[in-house]
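Take a look at the structure set out below.
Chain letters run A, B, ... following the sequence lines, proteins first, then strands; residues in each count from 1.
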Protein chains: 2
Amino acid sequence: MSETNTKSKRLKHKEDLRRKILEVAKELFLKHGYDSISIRKIADKIGISPTTIYLYYQDKSDVIYALHQEGFKMLATQFAVLRNVEEPFERLKAMGKSYIEFAMENRDFYELMFIMREPIEFVNKNYACEWEEGGAAFEALLVTVADCKAKGYFKQADLHAMSLYVWATIHGICSLKLQGHLDHVVNAHFPEKEQQLSLEKAFDTLVLNLKSIQ
Amino acid sequence: MSETNTKSKRLKHKEDLRRKILEVAKELFLKHGYDSISIRKIADKIGISPTTIYLYYQDKSDVIYALHQEGFKMLATQFAVLRNVEEPFERLKAMGKSYIEFAMENRDFYELMFIMREPIEFVNKNYACEWEEGGAAFEALLVTVADCKAKGYFKQADLHAMSLYVWATIHGICSLKLQGHLDHVVNAHFPEKEQQLSLEKAFDTLVLNLKSIQ
DNA sequence: AAATATAATTAACAGTGTTAATATTTTAAA
DNA sequence: TTTAAAATATTAACACTGTTAATTATATTT
């Protein structure tokens with residue numbers, strides 16, 4: 001009895017500290033960005049030694065990966081609501097807008113999830129094929145595009161190519177914006193009054209294009 | 001006489017060492033990637049003290065920016081040939097393929113030019129509006145899209161929105177691929193025989209879409 | 001109470017960019 | 001030619017980084 005009691009107590013403590021480490025990492029991440037996450041800072045904030053962290057995570061990449069996972073759970077939650085949009089093309093548009101919103105409101109998370117190499121390489125190495133969270137996100141898009149095709153949209157296009165294309169376009173818009181690659185180009189080449197709306201206009205162009213191949 | 005002589009000699013030496021630093025930085029960059037560029041390693045390889053580099057570049061970002069500029073010159077050279085393609089839609093397609101080629105053959109440069117934050121932030125801070133190399137690249141795209149419109153393509157679409165949209169799509173394809181975000185998704189959701197060609201198929205979908213709104 | 005796991009720590013390694021103070025070399029003036 | 005000044009380069013130091021091996025402290029079990 002008391003044996004299993006102490007065992008479960010210890011297990012709980014292990015889980016608590018593991019969560020605490022992640023929590024502090026997230027705090028640093030959200031306050032001062034990715035570069036301010038350091039094993040030593042996390043340890044300092046909790047009041048433990050830096051090396052203790054290595055008893056709970058295999059290395060820094062592992063901590064980063066845990067944050068990466070959190071991001072995908074957040075996105076999944078946001079997407080879940082859209083299953084209620086019946087008309088598939090409307091749902092596709094809403095997914096696009098929702099994705100852009102997520103990127104703009106969670107810049108650091110977006111960078112971690114879809115731009116940086118480190119976390120996804122950790123997935124590819126350690127989780128190979130069984131990465132639920134990532135698979136689910138693309139699956140949602142795939143299903144919606146399939147629904148569109150079933151209703152007569154995108155007749156000429158291939159399902160997989162079309163899905164990848166839509167994702168790539170919206171990711172392209174988000175990543176250029178977030179990483180600061182649009183500022184100069186937009187300032188130099190866009191008419192004054194269009195500068196603020198450049199993102200929206202690029203998205204509208206995608207929608208326009210999608211409509212015309214229906 | 002001898003005064004201007006020694007002056008120009010000194011100036012030449014300054015330029016030589018400045019170039020040498022960049023050359024070694026590039027060597028490290030191409031051999032072992034971005035992360036292996038370090039002020040200390042560069043200095044070691046040349047046989048000077050690390051601090052000497054700060055007499056030729058204001059900081060590490062400045063060295064990185066110089067590499068960034070080299071990349072844009074490479075891309076401009078590659079694009080220059082395409083001015084000879086008369087038919088504007090053909091030219092647009094060729095630009096797209098050429099851009100993807102550049103990205104795949106110069107992965108590290110592409111990351112530096114279009115994905116990383118640091119170098120473009122250096123541009124935005126230090127060069128503000130007068131960044132020729134970057135402006136020229138987008139200008140080339142803008143002109144081609146304008147030529148397309150003049151020939152009756154993309155009638156409904158706005159010139160600037162359309163250009164940004166095309167860039168974003170192709171950048172999206174390249175960046176997802178280069179940063180390793182396609183591997184898992186393609187393995188999990190694409191039919192076996194389509195996996196190798198996923199990039200090409202996404203590009204073809206773009207072309208298909210562009211055709212149908214002409 | 002002694003032996004054994006488990007957990008956490010200290011010390012150390014091998015790096016990083018960057019700055020201030022110092023030394024060396026080259027150029028200009030007396 | 002010698003001296004003052006300017007330009008160039010270096011050393012030493014600061015404040016960091018992730019990570020490992022060896023050691024100590026704390027629980028748990030015999």
request  = Answer with yes or no after comparing the ring centroid distance for Y99(B) and F114(B) against a 6.0 Å cut-off, counting only values under it.
outcome  = yes
key: Euclidean distance, atom OH of residue Y57(B) to atom P of dA9(D) [Å, nearest integer]   = 14 Å
ask   = Would you call the rings of Y127(B) and F122(B) parallel, tilted or perpendicular, where under 30° means parallel and over 60° means perpendicular?
value = tilted
Distance, rounded to the nearest Å, where K60(B) contributes NZ and dC16(D) contributes P = 18 Å
query = At under 4.0 Å, does any side-chain N or O of K14(A) touch on OP1 or OP2 of dA7(C)?
reply = yes
query = Which residue pairs pass the salt bridge (Lys or Arg N to Asp or Glu O under 4.0 Å) test when at least one of the two sits in residues 23-39 of chain A, sequence neighbours left out?
reply = K20(A)-E23(A), K26(A)-E70(A), E27(A)-K31(A), E27(A)-K45(A)
query = Can you tell me how far P of dT19(D) sits from CG of D59(A), to the nearest Å?
reply = 5 Å
remark   = Ranking dT18(C), dT19(D), dA8(C) by distance to the side chain of T52(A), first place goes to dA8(C)
request  = Establish, for the pair K97(B) and F203(B), whether the NZ or CZ atom is under 6.0 angstrom from the six-membered ring centre and no further than 45 degrees off its axis.
outcome  = no
inquiry  = From CD1 of I42(A) over to C1' of dT19(D), roughly how many Å is that when rounded to an integer?
reply    = 14 Å
query = Taking atom P of dG18(D) as reference, at what distance in whole Å does atom CD1 of I53(A) sit?
reply = 9 Å
ask   = Run the side chain to side chain donor-acceptor pair (under 3.5 Å) check on H160(A) and S198(B) step by step: do they pass?
value = CA-CA 8 Å; H160(A) 293 93; S198(B) 53; over 6 Å; no
task = Can you check whether any acceptor in the base of dG15(C) is under 3.5 Å from a donor in the side chain of R40(B), or vice versa?
result = no
ask   = Once you round it to whole Å, what is the distance between P of dT6(C) and CG of L55(A)?
value = 12 Å
task = Establish, with yes or no, whether the OP1 or OP2 oxygen of dA9(D) is under 4.0 angstrom from a side-chain nitrogen or oxygen of Y56(B).
result = yes
request  = Can you see which heavy atom on I42(B) is nearest to which on A25(B), and at what distance?
outcome  = CD1-CB, 3.8 Å
query = Side chain of T77(B), backbone of K73(B): donor and acceptor closer than 3.5 Å?
reply = yes
ask   = Can you check whether T51(B) has a side-chain N or O nearer than 4.0 Å to OP1 or OP2 of dA9(D)?
value = no
request  = Consider the side chain of Y54(A), meaning its heavy atoms from C-beta on, and name the nucleotide among dT10(D), dA9(D), dT19(D) that approaches it most closely.
outcome  = dT19(D)
message = If you take any heavy atom closer than 4.0 Å to DNA chain C, which residues from residues 25-39 of chain B end up in contact?
response = I37(B), S38(B), I39(B)
Five-pair end axes of the helix from dA1(C)-dT30(D) to dA30(C)-dT1(D), angle between them (10°) = 30°
ask   = Less than 6.0 Å separating the ring centroids of Y65(A) and W131(A)?
value = no
remark   = Rounded to whole Å, CD1 of I48(B) lies from C1' of dT10(D) at a distance of 11 Å
inquiry  = Tell me if the centroids of the rings in F29(A) and F109(A) come within less than 6.0 Å of each other.
reply    = yes
query = Could you state the CG-P distance from L17(B) to dA7(D), rounded to the nearest angstrom?
reply = 17 Å
